[in-house]
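See below for the structure under consideration.
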Amino acid sequence: MEDTSHYRSIVGALQYLTITRPDITFAVNKACQFIQQPTSAHCLSVKRILRYLRGTIHDGLLLNSSNQLIIEGFTDVD
């Protein structure tokens, strides 16, 4: 790639998105490892992440301000 600024911009925005979308954390971390010299394959990976986000737009963590902290967890372990 000749101009890597677009790749860096998108990956940087995805880093902030991982706060509310922990399901993409691993993929974004891998994309960040190649931020200095991305190839076309890395761009395709980032586009795939964006397509996944477009398909799951209503998923994620809802963060709102509150005086009361309640942490709930659910698990399904065999």
Side-chain angles (χ1 to χ4, degrees):
M1 291 182 58
E2 295 176 13
D3 183 23
T4 60
S5 62
H6 187 64
Y7 178 84
R8 291 178 183 169
S9 175
I10 293 172
V11 171
L14 287 173
Q15 280 183 309
Y16 283 107
L17 188 60
T18 60
I19 295 170
T20 58
R21 295 295 303 265
D23 53 333
I24 63 168
T25 303
F26 182 79
V28 172
N29 181 13
K30 284 297 182 185
C32 289
Q33 292 177 5
F34 301 98
I35 206 159
Q36 291 297 321
Q37 293 180 340
T39 63
S40 58
H42 300 118
C43 287
L44 290 175
S45 298
V46 169
K47 285 183 181 181
R48 186 176 179 123
I49 295 170
L50 293 173
R51 283 192 301 269
Y52 170 77
L53 289 171
R54 184 179 59 193
T56 59
I57 195 95
H58 298 293
D59 295 346
L61 300 176
L62 176 61
L63 303 175
N64 55 11
S65 62
S66 175
N67 293 335
Q68 186 178 7
L69 176 64
I70 300 173
I71 299 176
E72 295 181 8
F74 301 95
T75 183
D76 182 20
V77 179
D78 292 340

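All heavy atoms count here, side chains included; hydrogens, waters and symmetry mates do not. What you see is a predicted model; the values in this text were computed from it and never measured.
- The 12-atom threshold is not exceeded at CD of Q37, counting heavy atoms of other residues, nucleotides or ligands nearer than 6.0 Å.
- Of all heavy-atom pairs spanning Y7 and C43, the tightest one is CD1-SG, 3.9 Å.
- Distance check, rounded to the nearest 0.5 Å: CG of L14 to OG1 of T25 gives 10.5 Å.
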Full working for side-chain hydrogen bond (donor to acceptor under 3.5 Å, both in side chains) between H42 and T39:
CA-CA 5 Å; H42 300 118; T39 63; 2.9 Å; yes
Under 3.5 Å donor-acceptor pairs involving side-chain atoms of residues 49-63, not counting sequence neighbours:
| from | atom 1 | to | atom 2 | distance (Å) |
| --- | --- | --- | --- | --- |
| Y52 | OH | D23 | OD2 | 2.8 |
| T56 | OG1 | R21 | NH2 | 2.8 |
| T56 | OG1 | Y52 | O | 2.9 |

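- Annotation for V28 and V11: closest pair CG1-O, 4.4 Å, computed over non-hydrogen atoms.
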Open item on the list: Set out, in order, the CA-CA distance, both residues' side-chain angles and the distance that settles side-chain contact (heavy atoms from CB on, under 4.5 Å) for C32 and Q15, then state yes or no.
Closed with: CA-CA 8 Å; C32 289; Q15 280 183 309; 3.3 Å; yes
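- Atom CZ of R48 has 12 or fewer neighbouring heavy atoms from other residues, nucleotides or ligands inside a 6.0 Å radius.
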